[in-house]
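One structure is given below, encoded as structure tokens.
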2 protein chains.
Amino acid sequence: MALRAKRAAKRRAALTRGRILRAAITLADRDGIESLSMRKLGTKLGVEAMSLYNHCRNKVDMLDGMVDIVFGEIDLPANGADWQTAMRKRAISARQVLLRHPWAIGLMESRATPGPATLRHHDSVLGSLRTAGFSVDMAAHAYSILDGYIYGFTLTELALPFSTSEGAPAVAEMAGTIMEGFRPGQYPHLAEMAVDRAMKPDYKYGDEFEYGLDLILDGIERAL
Amino acid sequence: MALRAKRAAKRRAALTRGRILRAAITLADRDGIESLSMRKLGTKLGVEAMSLYNHCRNKVDMLDGMVDIVFGEIDLPANGADWQTAMRKRAISARQVLLRHPWAIGLMESRATPGPATLRHHDSVLGSLRTAGFSVDMAAHAYSILDGYIYGFTLTELALPFSTSEGAPAVAEMAGTIMEGFRPGQYPHLAEMAVDRAMKPDYKYGDEFEYGLDLILDGIERAL
DNA sequence: GGTCCCGCACTTACACCGTAAACTTGAGGA
DNA sequence: TCCTCAAGTTTACGGTGTAAGTGCGGGACC
């Protein structure tokens, strides 16, 4: 009866696996994954750390859940479009999601058990390719190369010592200070690259992404 | 004078940044990076944890050093060969090194300060491309796409729930048990892929690597 | 309405972590 | 011989994940 009202009247909304995971993602986005602890997460939810263990088997299980939510944020390939535009949109969405949650890509390494959103995503991508006429082998090739590129590019991008959103001034400065420490001519090609590109005022490494993506999509089409 | 002999006569060989880093890499390779602690590393070297801080500013500095050593293990592109074979060999070497040190790829994400071996490697690759006639822009494109693919593919490969060396039986079994939990037809394309490929006795995901690599190399050549 | 049960949050405790700060020690140079 | 100083040790502190036990409050039954 007034069960709902009573629940709401309790000092805090009911703790839930979903609520925990969402709060954990928010915290990880803001402060980085290495600073995410059960105690801090509990505090944020107005609860003791140990209460979280009523909803997550352990921290690893929680991280699994977080990764699966992130995967769920990636756009699934649209059904109607041709495979190239479908894969292109999916790749761009995936990169955006991974940039939004920089910790997620580093976690993938150790996630052994894919969650439902992850599986649904994979199934949907494979379905899109098969519908477009890809053989099973060719779909596997295409998926492998595309996902490899998406993850790897974004990983590299995140490793760069500046936030992608602030952009050019930061990287120019950074490249400058890094190069200062060298003997002149020690890394000539690196220096050339820095002067010609990285230190230009409108340089954004992220712009490279679509160049490589299109090169790969062309290559796949030709291989069909 | 007999300084050398005296040093050697001390109960243990002198502690050195290099010796620490090599021991840390061995430990990380064996037990995983998350289990590498200063105390365990000290014990392995016959020394207290705090002694390590005489040679490494802190743990992050030590991890930086480890990553740089790993980078140094990757073959530099040979000078004489044409750029395609040079890049091909480098990519294959990089994948092998990263598989040997699975923790390294996850660490790259947060390394802000590249070490000397890392810089030398980048400079050498860029030099190889520029010598082959690539423009600065085209060299940047090629490097970005190749490295993205190498890291991403290897990351994906490491995320698979089986060691690449043991190969087919493990993944077949794994794919089987994962699929068991689903409603039939829930992930039809995933199931098709599993049956057609992953559960075949001689399936190795690693074989995909060179397919994608060659597709990318072809694409780059055509873009020249 | 009274009773019981049990889910869920809490408390306590433990082993481990990175590292700051103060100490000991032993060899090299003056 | 004494001083200096680099390099290893000891101690300590605040943090971590989580096992184990406690207690409360609402829902379900008699």
Side-chain angles (χ1 to χ4, degrees), chain A residues 1-21 23-25 27-28 30-67 103 106-107 110-112, chain B residues 1-24 27-28 30-67 103 106-107 110-112:
Chain A
M1 39 149 101
L3 175 149
R4 197 61 171 289
K6 281 184 187 176
R7 281 272 167 84
K10 291 178 74 168
R11 61 214 75 221
R12 264 111 193 166
L15 209 51
T16 285
R17 185 173 159 97
R19 232 162 68 79
I20 292 176
L21 295 181
I25 289 175
L27 232 46
R30 179 154 55 86
D31 303 331
I33 193 74
E34 72 285 347
S35 125
L36 175 67
S37 77
M38 300 305 265
R39 287 182 236 256
K40 282 186 205 162
L41 180 53
T43 302
K44 182 179 164 91
L45 289 164
V47 124
E48 295 301 313
M50 289 311 290
S51 303
L52 305 172
Y53 287 86
N54 287 312
H55 305 273
C56 303
R57 234 190 315 276
N58 49 41
K59 194 178 184 180
V60 169
D61 174 52
M62 193 181 79
L63 295 173
D64 280 341
M66 292 166 67
V67 169
W103 45 269
L107 249 63
S110 46
R111 290 320 84 189
Chain B
M1 41 149 109
L3 177 149
R4 199 60 171 291
K6 281 184 184 172
R7 281 273 167 82
K10 291 179 73 171
R11 62 216 73 220
R12 264 113 192 168
L15 209 50
T16 284
R17 183 164 216 267
R19 231 163 67 79
I20 292 176
L21 295 181
R22 280 193 303 276
L27 232 45
R30 179 153 55 85
D31 303 331
I33 193 73
E34 70 287 346
S35 124
L36 175 67
S37 77
M38 301 304 266
R39 287 181 234 257
K40 282 188 206 163
L41 180 54
T43 303
K44 179 177 167 95
L45 289 164
V47 122
E48 294 302 313
M50 288 310 290
S51 304
L52 306 172
Y53 287 87
N54 288 311
H55 306 272
C56 304
R57 232 190 317 275
N58 49 42
K59 193 177 184 181
V60 168
D61 174 52
M62 192 181 80
L63 295 174
D64 280 340
M66 292 167 66
V67 169
W103 45 269
L107 246 61
S110 46
R111 289 321 86 189

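Every chain is numbered from 1 and lettered A, B, ... according to where its sequence line falls, protein lines coming before strand lines.
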Hey, could you give me the [atom1]/[atom2] distance between [X] and [Y], rounded to the nearest 0.5 Å?
X	Y	atom1	atom2	value
M66(A)	I20(A)	CE	CD1	11.5 Å
T16(A)	L21(A)	OG1	CG	10.0 Å
N58(B)	L52(B)	CG	CG	12.0 Å
M38(A)	C56(A)	CE	SG	6.0 Å

- Return the 5'-most residue of the pair K40(A), L52(B) with respect to DNA chain D, ranking by each residue's nearest nucleotide. L52(B)
Backbone N/O of [Y] and side chain of [X]: donor-acceptor pair under 3.5 Å:
X	Y	answer
S37(A)	K40(A)	yes
R19(A)	A14(A)	yes
T43(A)	R39(A)	yes

- Do NZ/NE/NH1/NH2 and the carboxylate oxygens of R57(A) and D64(A) come within less than 4.0 Å? no
Gap between atoms [atom1] and [atom2], on [X] and [N] respectively (whole Å):
X	N	atom1	atom2	value
Y53(B)	dT11(D)	OH	P	19 Å
R17(A)	dC8(C)	CZ	C1'	16 Å
I33(A)	dT16(D)	CD1	C1'	14 Å

- Compare side-chain N and O positions of H55(B) against OP1 and OP2 of dG8(D) and report whether any pair is under 4.0 Å apart. yes
- Task: Scan residues 57-66 of chain B against DNA chain C and write down, sorted by residue number, each residue with any heavy atom closer than 4.0 Å; if none is found, say none.
- Result: N58(B), K59(B)
- Which part of the nucleic acid, if any, lies within contact of L36(B), taking any heavy atom under 4.0 Å across all strands shown: a base, the sugar-phosphate backbone alone, or nothing? sugar-phosphate
Please list each protein N or O that sits under 3.5 Å from an N or O in nucleotides 10-13 of chain C, with the distance.
{"unit_1": "dC10(C)", "atom_1": "OP2", "unit_2": "E48(A)", "atom_2": "N", "d": "2.7"}
{"unit_1": "dC10(C)", "atom_1": "OP2", "unit_2": "S51(A)", "atom_2": "OG", "d": "2.7"}

